[in-house]
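For the single chain, residues carry numbers from 1 onward in sequence order. All figures in this text were calculated on a predicted structure; none of them were measured in a lab.
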Amino acid sequence: MADISTPAALSPRGGGALPAAGAKRRRNARMSQRINMAVGLVSIPLFLMVWQLIAEARIVNPILFPAPTEVARAALEWVTSGLFVEDAVASLKRVATGYLVGSVVGVGCGLLTGRSAFFSGLLGPLFQVLRPIPPIAFVSIVILWFGLSEGGKVFLIVWGVFFTVWLSTHLGVQKVDQGLVRAAQMLGTPRRRLVGEVVLLSALPFIVVGLRTAVGISFYTLVAAELAGAFAGIFYRIQLAQQNMQTGLVFAGLAALGLISFIADRCFAMLAQRLVWWR
């Protein structure tokens, strides 16, 4: 009689169960990925189709709720007139400048408050009180301070970006493994290199999350910025269209703002994935 404890006596079917189960899970994962991709591809066309049907049914006044075809026509006129490029360039310059300044200052202050209990106690409560104030609340005072210059618009975007980047950097620095810091100090690493090569790199995954969030916030804040007396820009064009009851152009401007913000976010995500590969 064969000894059932020997490997030769084990069932071949039982021995292949784990690889078969793994292959089945991989097939299910690939199938789920294809389904999710297909759903993502049809979601926008389906939304536009429902929108078109509702608009054609005249459930809402077509002047107030234009059909997608009317929005597309207004967008085409905007582009062919050359005004779209002018507006997009003006808005992107404001966003890029405000985002860059706000990010640099936010990372710097986050490193300072995250590393120093003194500066955390000095600046932390102040930043926490100011952080919930929306940039749009400063439109009136910014016009008084800066007039209709670009400085006021950039200031509002900096305000929106700064606190998000500061908070993510502050938390990231506080989460740094202190064992790594002590090891670097024992090896005689200078303070400047310690902050740049140990603290900053360890906190970088947190910082990148804040920077990516700030990309979207910079476009939200652009609305407040262009309320402060702009003469070109995407939201400026939306305001102008709203005053003239050109609702097709209003929707086209909102779609352009969303699309540009989405592209900026995806570009940042791809760049971050390459630069912060150890996440």
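- Of all heavy-atom pairs spanning Cys109 and Phe127, the tightest one is CB-CE1, 4.2 Å.
- Smallest separation of non-hydrogen atoms from Phe219 and Ala264: CE1-CB, 3.9 Å.
- Ala272 and Val208 get closest at one heavy-atom pair: CB-CG1, 3.5 Å.
- Val161 places a side-chain heavy atom less than 4.5 Å from the side chain of Ser103.
- At a threshold of 4.5 Å between non-hydrogen side-chain atoms, the residues Arg212 and Val209 do not count as touching.
- Results of the side-chain contact (heavy atoms from CB on, under 4.5 Å) test with Tyr99 over Val215, Ile217, Val154, Thr221 single out Val215 as the only residue that passes.
- Residues Val223 and Ile136 have side chains not in contact (no heavy-atom distance under 4.5 Å, counting atoms from C-beta outward).
- In this structure, the side chains of Val50 and Leu53 stay at 4.5 Å or more apart for every pair of heavy atoms.
- Proximity of Asp87 to Phe84: side-chain heavy atoms (C-beta onward) are nowhere separated by under 4.5 Å.
- Counting non-hydrogen atoms of neighbouring residues, nucleotides and ligands closer than 6.0 angstrom, the OH atom of Tyr220 reaches no more than 12 such neighbours.
- In this structure, Leu171 CG and Ile207 CD1 are separated by 11.0 Å, a value rounded to the nearest 0.5 Å.
- Taken to the nearest 0.5 Å, the CG atom of Leu156 stands 9.0 Å off from the CG atom of Leu227.
- Around the CD1 atom of Ile44, the shell of radius 6.0 Å holds no more than 12 heavy atoms that belong to other residues, nucleotides or ligands.
- Side-chain contact between Leu240 and Gln246: absent, with no pair of heavy atoms (C-beta onward) separated by less than 4.5 Å.
- With respect to the salt-bridge test (charged N to carboxylate O, under 4.0 angstrom), the residues Glu226 and Arg94 qualify.
- Rounded to the nearest 0.5 Å, atoms CG (Leu100) and OG (Ser218) are 11.5 Å apart.
- The two residues Ser120 and Thr113 make their nearest non-hydrogen contact at CB-O, 3.2 Å.
- Note that CH2 of Trp166 is 4.0 Å distant from CD of Gln128, once rounded to the nearest 0.5 Å.
- Side-chain heavy atoms closer than 4.5 Å link hydrophobic residues (I, L, V, M, F, W, Y) into clusters, and following such links, possibly through other members, connects Leu144 to Ile133.
- For Leu48 against Pro68, the heavy-atom pair with the smallest separation is O-CG, 3.7 Å.
- No continuous path of ILVMFWY side-chain contacts below 4.5 Å connects Phe251 to Ile260, so the two sit in separate hydrophobic clusters.
- The line from CG of Leu249 to CD of Glu70 is 10.0 Å long, rounded to the nearest 0.5 Å.
- For Ser168 (side chain) and Thr164 (main-chain N/O), a donor-acceptor pair under 3.5 Å exists by modelled atom type.
- In terms of hydrophobic clustering, with Ile, Leu, Val, Met, Phe, Trp and Tyr side chains grouped at heavy-atom distances under 4.5 Å, Leu126 and Ile141 are assigned to a common cluster.
- Placement of Phe47 and Leu254 in two distinct hydrophobic clusters is found when ILVMFWY residues are connected by side-chain heavy-atom separations under 4.5 Å, directly or transitively.
- Put simply, the side chain of Ser81 gets close to the backbone of Trp78: a donor and an acceptor are under 3.5 Å apart.
- Ile157 and Val104 fall into different hydrophobic clusters, defined by Ile, Leu, Val, Met, Phe, Trp and Tyr side-chain heavy atoms under 4.5 Å apart, directly or through other members.
- With Trp51 contributing its side chain and Pro66 its backbone, the two residues share a donor-acceptor pair below 3.5 Å.
- Considering all non-hydrogen atoms of both residues, Lys153 and Leu148 come closest at NZ-O, 3.1 Å.
- Going from atom NE2 of His170 over to atom NZ of Lys175 covers 10.5 Å, rounded to the nearest 0.5 Å.
- Residues Arg266 and Ile263 are not in side-chain contact: their nearest non-hydrogen atoms beyond the backbone lie 4.5 Å or more apart.
- In the displayed structure, Ile63 atom CD1 is contacted under 6.0 Å by at most 12 heavy atoms of other residues, nucleotides or ligands.
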